[in-house]
Amino acid sequence: MFNDSTSPYWSSKVSPKLNSKGKTSCVLPPPGWCSQRRYHYFLVLDFEATCDKPQIHPQEIIEFPILKLNGRTMEIESTFHMYVQPVVHPQLTPFCTELTGIIQGMVDGQPSLQQVLERVDEWMAKEGLLDPSVKSIFVTCGDWDLKVMLPGQCQYLGLPVADYFKQWINLKKAYSFAMGSWPKNGLLDMNKGLNLQHIGRPHSGIDDCKNIANIMKTLAHRGFIFKQTSKPF
């Protein structure tokens, strides 16, 4: 746990020290230290999509939230949040509503995915995230959002995928590097492992983003340095 000095995730600010029993322990940085060397901003993203049992195909994104997290303070600076109108299966299933908390009226009349992606790009520009000198990266809880869901739906609809969606940090992998155990139950296990209170409703996209941001902030305050986990497209 935060004691692999050979890991690229390991912060040089954290140093080993012998405790009173002669065993090596970690001297963590003081509370509030959380500077990230690689990125100016982290873009926390967590989609919710149409679903059922058995699963429907194709799945379509119905909630598209992003939190802009400052890499120095690890505080949320800006939020993008929109619901998306599904077009292949426009009627949400009872299973989907029960799981996500998203009801039919929340998606009816909302922009299409193409329109939402255009607004994401506008938001990215407004926030200065398209400036080549500004280093940012998306963060997701798993690889599904940006490896499977978004490219799959874009391919189905014949839409391009912006380059900034093609690299990301999988928080589950980062957490496992930091804590030495894989979070089988995702955010619930990570919150439990870090003694954090779960924020909001599980499977609410915007609430899941807030939990991801809180977990990242906690790991960063312990000296963890985040880096890309996805392989280049």
Inter-residue atom distance [X].[atom1] - [Y].[atom2], 0.5 Å rounding:
X	Y	atom1	atom2	answer
Q104	Q91	CD	CD	4.0 Å
L113	I61	CG	CD1	5.0 Å
I169	L146	CD1	CG	11.5 Å
R38	K135	CZ	NZ	12.5 Å
L187	I199	CG	CD1	10.0 Å
Y164	L129	OH	CG	9.5 Å

Is it true that a side-chain atom of [X] and a backbone atom of [Y] form a donor plus acceptor pair closer than 3.5 Å?
X	Y	result
E63	V84	no
S230	W168	yes
E48	I62	no
E98	F95	no
D145	T140	no
E60	V88	yes

Same cluster (ILVMFWY, side-chain, under 4.5 Å), [X] and [Y]:
X	Y	answer
M216	M179	yes
V148	L45	yes
I56	V107	no
V87	M106	no

Minimal non-hydrogen separation, [X] against [Y], with atom names:
X	Y	result
L171	I212	CD2-CG2, 3.7 Å
G200	D207	CA-OD2, 3.4 Å
C96	A49	SG-O, 3.7 Å
M190	C141	CE-SG, 3.7 Å
G128	V134	O-CG2, 3.5 Å
A220	Q36	CB-NE2, 3.5 Å

State, with a plain yes or no, whether a side-chain heavy atom of [X] is found less than 4.5 Å away from one of [Y].
X	Y	answer
P111	R119	yes
T79	I66	no
P90	Q85	yes
C154	L117	yes
S136	Y39	no

Using distance alone, with no hydrogens and no angle criterion, decide if [X] and [Y] have a side-chain donor and acceptor under 3.5 Å apart.
X	Y	value
D189	Y175	no
E75	N70	no
S78	E127	yes

Would you indicate whether [X], at its atom [atom1], is surrounded by more than 12 heavy atoms from other residues, nucleotides or ligands within a distance under 6.0 Å?
X	atom1	answer
Y156	OH	no
K126	NZ	yes
Q197	CD	no
Q155	CD	no
H89	NE2	yes

Does the pair K147 and N170 meet the rule for a side-chain contact (heavy atoms from CB on, under 4.5 Å), with working shown? CA-CA 11 Å; K147 186 176 183 179; N170 177 343; over 6 Å; no
Examine K68 relative to Y41 and say whether NZ or CZ is less than 6.0 Å from the centre of the six-membered ring and inside a 45° cone about the ring axis. yes
Are K166 and D163 close enough for a salt bridge, meaning some N to O gap below 4.0 Å?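 Result for this pair is yes, salt bridge flagged.
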Answer yes or no: is there an ion pair linking D143 with K173, defined by an N-O contact shorter than 4.0 Å?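 Looking at K173 together with D143, the answer is yes, because their closest N to O distance falls below 4.0 Å.
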Of T218, N185, N211, N214, the residue whose pairing with N191 passes side chain to side chain donor-acceptor pair (under 3.5 Å): N211
Could you label the plane-to-plane angle of the F47 and F64 rings as parallel, tilted or perpendicular, counting under 30° as parallel and over 60° as perpendicular? perpendicular
Please test E118 against W123 for side-chain contact (heavy atoms from CB on, under 4.5 Å), starting from the C-alpha separation and ending with a verdict. CA-CA 9 Å; E118 290 170 356; W123 177 79; over 6 Å; no
For the aromatic rings, using the six-membered ring if either is Trp, is the centroid distance between F226 and F42 under 6.0 Å? yes
Assert yes or no for the condition that the ring centre distance of H81 to Y83 is strictly below 6.0 Å.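 That pair passes the under 6.0 Å test.
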Between I215 and L194, is the side-chain contact (heavy atoms from CB on, under 4.5 Å) condition met? List the steps. CA-CA 8 Å; I215 291 165; L194 294 169; 3.7 Å; yes
What verdict does the side-chain contact (heavy atoms from CB on, under 4.5 Å) test give for L43 and F80, after you've listed the backbone C-alpha separation in whole Å, the side-chain angles of each residue and the deciding distance to 0.1 Å? CA-CA 10 Å; L43 305 176; F80 177 93; over 6 Å; no
